[in-house]
Student: 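There's a structure below that I have some questions on.
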Amino acid sequence: MTISSRFVLLSLTVLSGASAFGVSSSHAATSDSEVLELRREMAEMRREMAIMRTELHKPAPAPRGHAVRTQRPGVAETPVGVPNYSGSPESGIAFNQAQPSSYHVTGAGRPVSDRGIVSSWEDFQKASSDTEVVRVGGMKIGFPNGRPTIQSSDGKYAFSIGLAFHEDFGGFLTDAPRGSEQKGKFNSFTSNARRLRVPLTFRYKDWVANVTPDFGASNNDGVDGLYEANLNYAGLKNTILTVGYFQPRVTEEDSESSNDFEMMERPGITDIVRSISAGDARFSVGALHYEKRWWIAAYFTGQQFGARNSTGYYGGDGNVGDSQTGGTFRAAGRPVATKDWDLHLGVSAVAAFKPSDGTNGRTFKLSQRPEVNLGEDTLLSTGTMTNVANIWAAGPELGLRWKNLVLKSEYYHIGVSRSKQLGGAPMSSLNFQGWYAAANYTLFGTPRAYNYKEGAFAAPGVKEGEEFNPATGHWGSLELSGRYSVADLNSRPDSVSGVRGGQQTVWSGGLNWYPNRHFRVMLDFNHFIVSRNSNDGTVNIYGRNGNSLAARVQAAF
């Protein structure tokens, strides 16, 4: 018989015995022996009740394989396995209240990605178990990967919302036009919301949908658009399958999140290459796979979002009768991976198998700003190349990390094949090229590291205990960057069938400060030298040299 059952029976017996003292006087003749026997039974019941009270206040032993529960300060503990008759709830149970779990963030404290995060369900559960979590009913609210997330208790369903906010401000110095050139749009001071992305991620187990509107990707404020809208499957080991509008990863710089950039903008040549068949919001079908020592990805690509809209976000053409098709490929290896050393080797290739056929037939244009994006005019441009049959680019990647120092370089060759003119005369092919070399050194804080899931280098980190706080002598992380970049869009410039697009050389230097993993302040100085081109009206007839000074404030969640 259980303790609670015995307690009930004894209570009933006591009540029955007590009622015997309230009988009428007609029963007073009861023999003394019966009274003595009743008193003996009541004394025995009192003894058993005293024993039960002792048992009720004795903690029951924890079942084998279960941890013994410890009492929380200020909360009365009820013995495990014993009902609580006091009327107050048992410890550890609260209704209509949030139960906190851990309130900490582990790891190196590097910035979160600027895009929707795609990972396997297993990796998502690991990230959720090692971060800030609050349980409300059957839901969990936390910050896996540093991003606010609501999920079911088992993590099968989840919704995350992020932020990539880059506000740029600054201007141009000593860029006076030469001769009869026009000054162009080179403000002495201006500002631009360079990125204002809000990644929305919807998850069911290993299926992930990302929708990321962008309210600031234009060169000038006030244009709303789309960065990505895609469906992903991550149920295969270290593999992500993707379909939809996406940024297919190509070149080392393009594989990095913009929250990790060493400078405010990518090198000119990598932005030119990605514009061929990659870039933001490009329709893509493909996959990537990664291991700790190698990374590979390939995508079939189509048009960019809005490409068939004359007022499109990326400057579309309303008369497109045949959309572009193309592809991207990137492979990278990490032959050296130690505590102090990382060696990165890779190759990237992109191609537009056929450019879109629009108002002026199959045309293509390559152009680039002087590696700052404040709404200024371009000084480097091929102009609109007509009768383009296909266009491709390929080149090697090299990266080296030694402790706090990171060195990177890439070279790309671009080839343009053209079909015959209307009169039947063949048109010669065109060839362009470019390269860059960059160095980065972390002055204090957790230095840059290799991110094998992206096949690229990640930004410095700020551990939670080292976040900016002068009172404790902590200052976050600070890094110094420098880069030399060349993009050459001249191909037989003195020939009738050639192109004089100009050559652009940019010297850059900058400082990046991270007070914590979610915020960054950047300061860049650029000196640019651009030779003349024949395709930018009267802005760059004789060539132009200039300087720019710009800053960025960044928030990343």
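In this chain, residues are counted from 1 in sequence order.
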Student: Are the side chains of W507 and N526 in touch, meaning some heavy atoms are under 4.5 Å apart?
Tutor: no
Student: To the nearest 0.5 Å, tell me how far I272 CD1 sits from I276 CD1.
Tutor: 8.5 Å
Student: Is a salt bridge present between E252 and K408, judged by a nitrogen-to-oxygen distance below 4.0 Å?
Tutor: yes
Student: Does a donor on one side chain and an acceptor on the other come within less than 3.5 Å for N230 and T242?
Tutor: no
Student: What residue among W294, W295, Y452 forms ring pair (Phe, Tyr, Trp, His ring centres under 6.0 Å) with H289?
Tutor: W294
Student: Ignoring hydrogens and angles, state whether a donor on the side chain of Y441 or E479 is under 3.5 Å from an acceptor on the partner side chain.
Tutor: no
Student: Considering only heavy atoms from C-beta outward, does the side chain of H344 approach that of F457 to under 4.5 Å?
Tutor: yes
Student: At what distance, to the nearest 0.5 angstrom, does CZ of R401 lie from CG of D340?
Tutor: 6.5 Å
Student: Please check if any side-chain donor atom of S356 sits under 3.5 Å from a side-chain acceptor atom of Q303, or the reverse.
Tutor: no
Student: Looking just at side-chain N and O atoms, do H166 and R195 make a donor-acceptor pair shorter than 3.5 Å?
Tutor: yes
Student: Return the OG to CG distance between S113 and N145, rounded to the nearest 0.5 Å.
Tutor: 9.5 Å
Student: Would a line drawn from the ring center of W513 to the ring center of F468 be shorter than 6.0 Å?
Tutor: yes
Student: Decide whether a cation-pi geometry holds between R197 and Y227; the criteria are a distance under 6.0 Å from NZ or CZ to the six-membered ring centre and an angle within 45° of the ring axis.
Tutor: yes
Student: If you measure only the distance, is there a donor-acceptor pair under 3.5 Å linking the side chains of S531 and Q503?
Tutor: no
Student: Does some side-chain heavy atom of Y514 sit less than 4.5 Å from a side-chain heavy atom of P111?
Tutor: yes
Student: Between Y412 and Y436, does the ring centroid distance fall short of 6.0 Å?
Tutor: no
Student: Compare every heavy atom of N210 with every heavy atom of G116, then report the nearest pair and how far apart it is.
Tutor: CA-OD1, 3.4 Å
Student: What do the steps show when you test E181 against R544 for salt bridge (charged side-chain N to carboxylate O under 4.0 Å, His left out), and what is the final call?
Tutor: CA-CA 10 Å; E181 287 180 344; R544 181 172 295 200; 3.5 Å; yes
Student: May I ask you to say whether D342 pairs ionically with R334, meaning some side-chain N is under 4.0 Å from a carboxylate O?
Tutor: yes
Student: Any salt bridge between E410 and R266, counting N to O under 4.0 Å?
Tutor: no
Student: Looking only at heavy atoms, what is the nearest atom pair of F261 and E253, with distance?
Tutor: CE2-O, 3.7 Å
Student: Is the shortest distance from a Lys or Arg side-chain nitrogen in R552 or E265 to a carboxylate oxygen in the other one below 4.0 Å?
Tutor: yes
Student: Could you tell me which non-hydrogen atom of F364 sits nearest to which non-hydrogen atom of A352, and how far apart they are?
Tutor: CE1-CB, 4.5 Å
Student: Does a salt bridge link D280 with R274, judged by any charged N lying under 4.0 Å from a carboxylate O?
Tutor: yes
Student: Could you tell me if the side chain of R517 sits less than 4.5 Å from the side chain of R110, heavy atoms only?
Tutor: no
Student: Take F172 and V372, measure what side-chain contact (heavy atoms from CB on, under 4.5 Å) needs, and give me the verdict at the end.
Tutor: CA-CA 10 Å; F172 293 85; V372 64; 3.5 Å; yes
Student: Measuring from Q324:CD to S277:OG, what's the distance to the nearest 0.5 Å?
Tutor: 6.5 Å
Student: State, yes or no, whether a side-chain contact exists between Q247 and D254 at a heavy-atom distance under 4.5 Å.
Tutor: yes
Student: Measuring from atom CH2 of W207 to atom CG of N232, what distance do you get when rounded to the nearest 0.5 angstrom?
Tutor: 10.0 Å
Student: Which heavy atom of R308 sits nearest to which heavy atom of S323, and what is that distance?
Tutor: CD-OG, 3.5 Å
Student: Are the side chains of Y245 and V211 in touch, meaning some heavy atoms are under 4.5 Å apart?
Tutor: no
Student: Taking all heavy atoms of F444 and all of G476, pick out the closest pair and write down the distance.
Tutor: CD1-O, 3.4 Å
Student: So, is the end of the R203 side chain (NZ or CZ) under 6.0 Å from the ring centre of F124 and within 45° of the ring's axis?
Tutor: yes
Student: What residue among W392, W435, F432 forms ring pair (Phe, Tyr, Trp, His ring centres under 6.0 Å) with H413?
Tutor: W392
Student: Does a donor on one side chain sit under 3.5 Å from an acceptor on the other, for H527 and N547?
Tutor: yes
Student: Please evaluate residues S381 and N535 with respect to the criterion side-chain hydrogen bond (donor to acceptor under 3.5 Å, both in side chains), reporting the C-alpha separation (whole Å), side-chain torsions for both, the decisive distance (0.1 Å), and the verdict.
Tutor: CA-CA 6 Å; S381 176; N535 309 291; 5.4 Å; no
Student: Show the nearest heavy-atom pair for residues T328 and A278, with the distance to one decimal.
Tutor: CG2-CB, 4.1 Å
Student: Can R330 be said to sit on top of Y299's aromatic six-ring, NZ or CZ under 6.0 Å from centre and within 45° of the ring axis?
Tutor: no
Student: Just how far is it from atom CG of L480 to atom CG of N512, taken to the nearest 0.5 Å?
Tutor: 9.0 Å
